[in-house]
J.: 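Structure incoming, see below.
As the structure is a prediction and not an experimental result, all values here were calculated from the model.
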Amino acid sequence: MRSCADLLRASIWAKSLTGAELRQVESEMIERVVPAGGFVSHKGEPVDHWIGVIDGLLKLSSMSSEGKAVTFAGIPGGAWFGEGSVLKSEPRRYDVVALRESRVALMTRATFTRLLDSSIPFNRFLLNQLNERLAHFIALVEYDRMLDPDARVARCLAALFNPYLYPGVGPQLQISQEEIGLLSGVSRQRANQALQVLEKKGLLRVEYGGITVLDLEGMGRYGS
DNA sequence: TCATTAAATTGTT
DNA sequence: AACAATTTAATGA
């Protein structure tokens, strides 16, 4: 994807809008480039945007009291997130960090609320997305206790391929093993080891600078 | 188009 | 954490 307009074209909720509505939404959006390792937004900051990822890869994470980083989710290109905090007008509850150089689109609260008030498909989209995320977090609580890094990597990746949350992600994804490590909370070396285990089990194929998922089901239930 | 070089990524210690 | 091997991307003939 190259621009805000491309992102809108690829977003399901935007498909039902008229050309005029779409143009207005687009004109009200702000595009921002975030360098690798840069922050899209910090925990505790006031939230006044719904954020869409035009291109790149983000992670939502937080620091535990002991200073350990805990990743909640990876956000690939084509996805939207942050509706929870926009809806509740609360400060952001996690850090948003770009794992690689990324381009994001910021939708102002005004636009967001207008869509919320006027578009049924938009509401349906949000409802579905919130529901999918709930399922994701329940799964997170489960596997947070299992310490097997292979399983953590498997489930982190499986979450990235969720077709409802991330419709733009095909079976093949460009992601380095270092990024997988950052997402899963394991070292790059361990991520490499885990990927080889998963490849041997036929769940995915390891490629240069990316992976192809062969058995999404199996990845999601790995380790249980 | 091909060869060379630099940069990124992977596999191993 | 450091190293070597491998792949890709960029450059220029």
J.: Please give the remaining members of the hydrophobic cluster of Val97(A), linking ILVMFWY side chains under 4.5 Å, ordered by chain and number.
T.: Phe39(A)
J.: Looking at DNA chain C, which of residues 185-201 of chain A put a heavy atom within less than 4.0 Å of it?
T.: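 Arg188(A), Gln189(A) - these, ordered by number, are the residues of the stretch whose heavy atoms sit under 4.0 Å from the strand.
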J.: How does protein contact run along nucleotides 4-10 of chain C, one letter per nucleotide 5' to 3', with B for base contact, S for sugar-phosphate only, - for none, heavy atoms under 4.0 Å?
T.: ---BS--
J.: Linking Ile, Leu, Val, Met, Phe, Trp and Tyr by side-chain heavy atoms under 4.5 Å, what else ends up with Leu127(A)?
T.: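 Answer for Leu127(A): none, a lone residue.
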J.: Only counting residues at least two apart or in another chain, list the ones meeting side-chain contact (heavy atoms from CB on, under 4.5 Å) with Thr18(A).
T.: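 Applying side-chain contact (heavy atoms from CB on, under 4.5 Å) to Thr18(A) gives Ala20(A), Glu21(A).
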J.: Could you tell me the separation between the CD atom of Glu178(A) and the P atom of dT10(B), rounded to a whole number of Å?
T.: 9 Å
J.: Strictly by ring-ring contact (aromatic ring centres under 6.0 Å, His included), give each pair with a member in residues 201-221 of chain A just once, sequence neighbours left out.
T.: none
J.: If you look only at distance, which donor and acceptor atoms sit under 3.5 Å apart when one is on a side chain in residues 165-172 of chain A and the other is two or more places apart or in another chain?
T.:
from      : atom 1 : to        : atom 2 : distance (Å)
Tyr166(A) : OH     : Gly74(A)  : O      : 2.9
Gln172(A) : NE2    : Gln174(A) : OE1    : 3.4
Gln172(A) : NE2    : Glu207(A) : OE1    : 2.9

J.: By ring pair (Phe, Tyr, Trp, His ring centres under 6.0 Å), which residues pair with Phe122(A), not counting sequence neighbours?
T.: Trp13(A), Trp50(A), Phe112(A)
J.: Could you check how far CD of Glu179(A) sits from P of dT9(B), rounded to whole Å?
T.: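 To the nearest whole Å, that distance equals 7 Å.
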J.: Return the set of residues passing side-chain contact (heavy atoms from CB on, under 4.5 Å) with Val53(A) (not counting sequence neighbours), or none when no residue passes.
T.: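 For Val53(A), the residues satisfying side-chain contact (heavy atoms from CB on, under 4.5 Å) (neighbours in sequence not counted) are Leu58(A), Ile75(A), Phe81(A).
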J.: Determine whether a donor-acceptor pair (N or O, by modelled atom type, separation under 3.5 Å) exists between the side chain of Asn128(A) and the backbone of Phe125(A).
T.: no
J.: Atom CD of Gln177(A) and atom C1' of dG11(B): how far apart are they, to the nearest Å?
T.: 8 Å
